[in-house]
Number of protein chains: 2
Amino acid sequence: MSAPAWKKIHDHVLAKIRAGRWVEGDRVPSEAELCERFGVARMTVGRALRELVAAQVVVRVKGAGTFVAPPRHHATVVEIRSIADEIAASGRRHETEVLLLEKSAADAALAVLMGVKRGARLFHSRLLHRDDGVPRQLEERWVNPALAPDFLAQDFTRTTPNEYLTRAAPLEQVEYGIEARQPDAETRRRLAMGRDEPCLLLRRRTWSRGRVASAARLWHPGNRHQFTGRF
Amino acid sequence: MSAPAWKKIHDHVLAKIRAGRWVEGDRVPSEAELCERFGVARMTVGRALRELVAAQVVVRVKGAGTFVAPPRHHATVVEIRSIADEIAASGRRHETEVLLLEKSAADAALAVLMGVKRGARLFHSRLLHRDDGVPRQLEERWVNPALAPDFLAQDFTRTTPNEYLTRAAPLEQVEYGIEARQPDAETRRRLAMGRDEPCLLLRRRTWSRGRVASAARLWHPGNRHQFTGRF
DNA sequence: GAGTGGTCTAGACCACAAT
DNA sequence: TTGTGGTCTAGACCACTCC
């Protein structure tokens, strides 16, 4: 029925700080003081305070004490799931049309993007994702054959590049950018977009074993797609 | 010099899982087994495993055991910092121009957005953020006076609404959406944008003490702004 | 030197799951 | 019934900070 002792201490300290009774830089009672105040062992108090450190509510300095941390950085964290997951989670039907799946050679720009030599062989795919039949994402992707040799053999109407690459090349690092862009005529046509409608573009590069595994551009119709969430 | 015992156990288990030696659903050795294996007390093993739970690497079931968690959802996580922080972090100069700072009354749409009655009093601001003199963000914001009564008295050339609101109304929940949009003529002019250039729009609502504290629309020129990052 | 946090031990009692 | 994790105690040693 009742909460664990460490949780009570945790909540007690958190409440004081949230209520503004203790503010940034103030010293929080020491472990010894809290032990006496709550009648518990030091390990129990330690656990409570460790959880507050993890939550960035306090900072602890060995030999000095425990202090209220600066108010948390007020950043918005946006989680972008794969289009297939997102559509499936909404209970709608996800379909993929493979527009292109081929070998290609790196031109100057691609060579820089993929970290390979000019003329190096790359895999290249262009997929159209539909949501209950409505175009929702045009995915253009280049893949390093050394890291994902079976890329061209995948059936992307049944799996997604994302899923295959996650299995084939363990993810080490991701770089991304979100922009608003006017699409070219081909993209506009594929996504069935109106004349002045802009695209929401997500660029993403992934690294595996120290090399660029994949570079993708995900184009979304501006009036039919948003990256959303709450927390 | 040497890492704490709990950290060694933590890393040992993590390495096994990362290497694929133990996969989703596999049973991880019990606390008792790890105690013997590493020659430590149970509390020490417990701490190692608790950290792995926090990292969503394992799940623990009382009475049953510790198991490898499903591989983490392969989503892209985008962190959007406040424009002032972002510019300052780049070592450039951030300036704010206050275009508007006033009381207003909620129309039908705003009443729904802010969760107040039609005609209720709201605070309204429109700020232009510049990056070394170049317009980078047009911020339009409505604020619930009950939660941030001193909003109109702030000097937003010195602080930001974000900073003030963080102090005044402790953040409970955030809802956001990112879209690509054509700006209206006024926005295009303020952001010094070209004719066909789209905007990257971030909408955000924040809750405090169970009520909507603030609703904002942050407009960014599509060719001068991206949400970027890597991890 | 006194106070503080970081870590660790060797027990213990409990709730719960599998058998 | 046995094994599991969740919690807790009453000590301990150490490294560090502040005075």
Side-chain angles (χ1 to χ4, degrees), chain A residues 1-18 21-72, chain B residues 1-18 21-72:
Chain A
M1 191 68 259
S2 119
W6 71 263
K7 181 70 170 149
K8 286 180 190 163
I9 300 165
H10 170 278
D11 290 349
H12 171 259
V13 174
L14 185 60
K16 291 272 195 196
I17 294 171
R18 286 254 195 275
R21 303 261 290 113
W22 300 336
V23 300
E24 175 174 3
D26 280 2
R27 205 164 154 290
V28 168
S30 71
E31 293 198 348
E33 288 169 312
L34 289 169
C35 286
E36 198 178 359
R37 169 93 162 70
F38 286 89
V40 298
R42 233 192 97 203
M43 283 236 61
T44 307
V45 170
R47 163 127 194 222
L49 294 179
R50 195 165 58 241
E51 305 270 340
L52 289 171
V53 169
Q56 296 184 289
V57 172
V58 302
V59 291
R60 313 193 73 187
V61 183
K62 204 194 301 192
T66 301
F67 306 90
V68 178
R72 232 183 322 166
Chain B
M1 190 69 261
S2 121
W6 70 263
K7 181 68 170 151
K8 287 180 188 162
I9 299 164
H10 170 278
D11 289 350
H12 171 261
V13 174
L14 185 60
K16 291 274 195 196
I17 293 171
R18 285 255 194 276
R21 302 260 289 113
W22 299 336
V23 300
E24 174 174 3
D26 279 2
R27 208 164 154 289
V28 168
S30 71
E31 293 197 349
E33 288 168 313
L34 288 170
C35 286
E36 197 178 1
R37 169 93 161 69
F38 286 88
V40 298
R42 230 190 102 203
M43 282 235 65
T44 307
V45 170
R47 163 127 193 221
L49 294 178
R50 194 165 57 241
E51 306 270 338
L52 289 171
V53 170
Q56 297 182 287
V57 173
V58 302
V59 291
R60 313 191 74 187
V61 183
K62 204 193 306 192
T66 301
F67 305 90
V68 178
R72 245 189 306 172

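Throughout, protein chains are lettered first and strands after them, A, B, ... in sequence-line order, and every chain is numbered starting at 1.
- Here B:Arg42 does not reach the OP1 or OP2 of D:dG5: none of its side-chain N or O atoms lies under 4.0 Å away.
- Contact between the side-chain N/O atoms of B:Arg47 and the OP1/OP2 oxygens of C:dC8 is not found at any separation under 4.0 Å.
- With the nearest nucleotide of DNA chain D identified for both B:Gly46 and B:Arg27, B:Arg27 has the one nearer the 5' end.
- Considering only the side chain of A:Met43, C:dC8 comes nearest among C:dA17, C:dC8, D:dT4.
- Closest approach to the B:Thr44 side chain among D:dG6, D:dC16, C:dC8 is made by C:dC8 (side chain taken as heavy atoms from C-beta onward).
- Atom CD in B:Glu33 sits 6.0 Å away from atom CZ in B:Arg27 (nearest 0.5 Å).
- Atom CD of A:Glu31 sits about 9.0 Å away from atom CE of A:Met43, to the nearest 0.5 Å.
- Between B:Val40 and B:Trp6 the shortest side-chain heavy-atom distance does not fall below 4.5 Å.
- The phosphate of C:dG5 has OP1 or OP2 within less than 4.0 Å of a side-chain N or O from A:Thr66.
- With distances taken from any side-chain atom of A:Ala5 to the nucleotides D:dG5, C:dG6, D:dC8, the minimum falls on D:dC8.
- Remark on DNA chain D: of its neighbouring residues A:Gly39 and A:Gly63, the 5'-side contact belongs to A:Gly39, judged by nearest-heavy-atom nucleotide.
- Distance, B:Leu34 CG to D:dG6 P: 13 Å, rounded to whole Å.
- OP1 or OP2 of D:dT4 lies within a sub-4.0 Å distance of a side-chain N or O belonging to B:Ser30.
- The CZ atom of B:Arg37 sits 9.5 Å away from the CD1 atom of B:Ile9 when rounded to the nearest 0.5 Å.
- Distance, A:Glu33 CD to C:dA2 C1': 14 Å, rounded to whole Å.
- The listed nucleotides are C:dC8, D:dC8, D:dA15; the one nearest the side chain of B:Pro4 is C:dC8.
- If you measure from atom CD of A:Glu31 to atom P of D:dA12, you get 17 Å, rounded to the nearest angstrom.
- Distances were taken from every side-chain heavy atom of B:Ala64 (C-beta onward) to each of D:dC16, C:dA17, D:dC8; the shortest belongs to C:dA17.
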